[in-house]
Student: 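Below are the structure tokens for one structure; questions will follow.
So that the names make sense, note that chain A is the first sequence line, chain B the second, and so on, each numbered from 1. As the structure is a prediction and not an experimental result, all values here were calculated from the model.
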Amino acid sequence: MVYLYDSPLGPISYEWDGEACQHVWLERLDAVNHHDPVSAWLDGYFQGESAALPLLAKPATDFQGKMRAGLLDIPPGEVRTYGDIAKVLSTSPRAMGQALGANPLPILIPCHRVIAADGLGGFSCGLAWKKKLLKFERGF
DNA sequence: CCATTCATAGCCT
DNA sequence: AGGCTATGAATGG
């Protein structure tokens with residue numbers, strides 16, 4: 001089922017099947033508010049706490065699993081470049097972009113903490129969110 | 001220093 | 001299998 005969460009930064013919709021979070025959209029969908037581990041985590045997140053993640057959808061590929069681990073390893077408020085992660089995961093920067101873009105769980109998986117070497121990089125749900133999230137995490 | 005081009009690896013159709 | 005990147009490094013002007 002898809003539920004809505006109204007965050008300080010904007011509307012978030014997510015799919016919760018009762019067991020795990022399957023998908024996250026950074027937009028307002030036709031959904032209702034709901035209390036579950038995802039909303040609880042979001043509550044914590046937007047209060048500046050990094051709580052334990054709810055159960056997430058199984059990574060589609062093994063690589064996405066590794067990538068997820070790599071991303072969760074980024075300290076809160078810090079950012080890394082695609083190349084940096086790529087080096088850690090022994091892969092290529094482009095593959096990072098692909099995998100991140102295919103990530104169905106933005107925010108939960110902190111893919112917004114990954115930026116390009118010289119710029120912001122991209123974001124599947126709109127760069128505005130990425131900017132807002134980074135600004136938020138940096139304490140602005 | 002700015003503009004192009006290429007290498008690279010994983011994802012999508 | 002082929003094309004497409006949310007890149008980065010190396011050239012060329």
Student: Atom CG of A:Leu89 to atom P of C:dG8: distance rounded to whole Å?
Tutor: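 Result: 14 Å.
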Student: Write down the distance between CD1 (A:Ile109) and P (C:dA6), rounded to a whole number of angstrom.
Tutor: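 So the CD1-P distance, A:Ile109 to C:dA6, works out to 19 Å.
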Student: Which pair of heavy atoms, one from A:Ser13 and one from A:Leu29, lies closest together, and at what distance?
Tutor: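 Minimum heavy-atom contact is OG-N, 3.0 Å.
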Student: Both distances under 3.5 Å, Watson-Crick or G-U wobble: report the partner of C:dT5, or none.
Tutor: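 Per the H-bond distance test, B:dA9.
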Student: Considering only heavy atoms from C-beta outward, does the side chain of A:Leu133 approach that of A:Arg113 to under 4.5 Å?
Tutor: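 A:Leu133 vs A:Arg113: side chains apart.
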Student: Nearest to the side chain of A:Ala116 - C:dG8, B:dC11, B:dG10?
Tutor: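 Between C:dG8, B:dC11, B:dG10, the one nearest the side chain of A:Ala116 would be C:dG8.
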Student: I need the CZ-C1' distance between A:Phe123 and C:dT7, as an integer number of Å.
Tutor: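 From A:Phe123 CZ to C:dT7 C1': 17 Å.
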Student: Heavy atoms, side chains only, cut-off 4.5 Å: are A:Trp129 and A:His112 in contact?
Tutor: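 No - every pair of side-chain heavy atoms lies 4.5 Å or more apart.
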Student: Just how far, in rounded Å, is C1' of C:dA6 from CG of A:Leu127?
Tutor: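 Answer to the nearest Å: 8 Å.
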Student: Under 4.0 Å, counting only non-hydrogen atoms across every strand here, what does A:Gly83 touch: a base, just sugar-phosphate, or nothing?
Tutor: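 The answer is sugar-phosphate, as A:Gly83 gets under 4.0 Å only of primed atoms, P, OP1 or OP2.
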Student: Does any N or O donor sit under 3.5 Å from an N or O acceptor when you compare the side chain of A:Thr91 with the base of B:dA9?
Tutor: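 Check fails, no donor-acceptor contact within cut-off.
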Student: To the nearest angstrom, how far is A:Asp84 atom CG from C:dA9 atom P?
Tutor: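 For the pair A:Asp84 CG and C:dA9 P, the rounded distance is 11 Å.
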Student: Base, sugar-phosphate alone, or nothing: which one does A:Phe63 contact when heavy atoms must sit under 4.0 Å apart?
Tutor: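 Sugar-phosphate, backbone atoms only, no base.
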Student: Of all heavy-atom pairs between A:Pro104 and A:Gln22, which one has the smallest distance, and what is that distance?
Tutor: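 What the structure gives for the nearest pair is CB-O, 4.2 Å.
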Student: Under 4.0 Å, heavy atoms only, any strand: does A:Thr61 hit a base, just the sugar-phosphate, or nothing?
Tutor: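 Sugar-phosphate: the residue A:Thr61, judged by heavy atoms under 4.0 Å, touches backbone atoms but no base.
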Student: Expressed in angstrom and rounded to an integer, what is the separation of A:Ile85 atom CD1 from B:dA9 atom P?
Tutor: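 Between P of B:dA9 and CD1 of A:Ile85: 17 Å.
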Student: Compare the minimum distances between each of B:dC11, C:dG8, C:dA6 and the side chain of A:Gln64, then state the nucleotide with the smallest one.
Tutor: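 Closest of the options to the side chain of A:Gln64: B:dC11.
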Student: Can you check the A:Leu100 CG to C:dC4 C1' distance for me, whole Å?
Tutor: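 Taking CG of A:Leu100 and C1' of C:dC4, I get 16 Å after rounding.
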Student: In terms of ring plane angle, is the pair A:His34 and A:Tyr3 parallel, tilted or perpendicular, where the classes change at 30° and 60°?
Tutor: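 Answer is parallel, since the angle falls under 30°.
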Student: Looking at C:dG8, C:dA6, B:dG10, which one has an atom nearest to any side-chain atom of A:Gln98?
Tutor: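 Given the options C:dG8, C:dA6, B:dG10, the side chain of A:Gln98 is closest to B:dG10.
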Student: What is the distance, rounded to the nearest whole Å, between atom NZ of A:Lys131 and atom C1' of C:dA6?
Tutor: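 Taking atom C1' of C:dA6 as the reference, NZ of A:Lys131 is at 14 Å.
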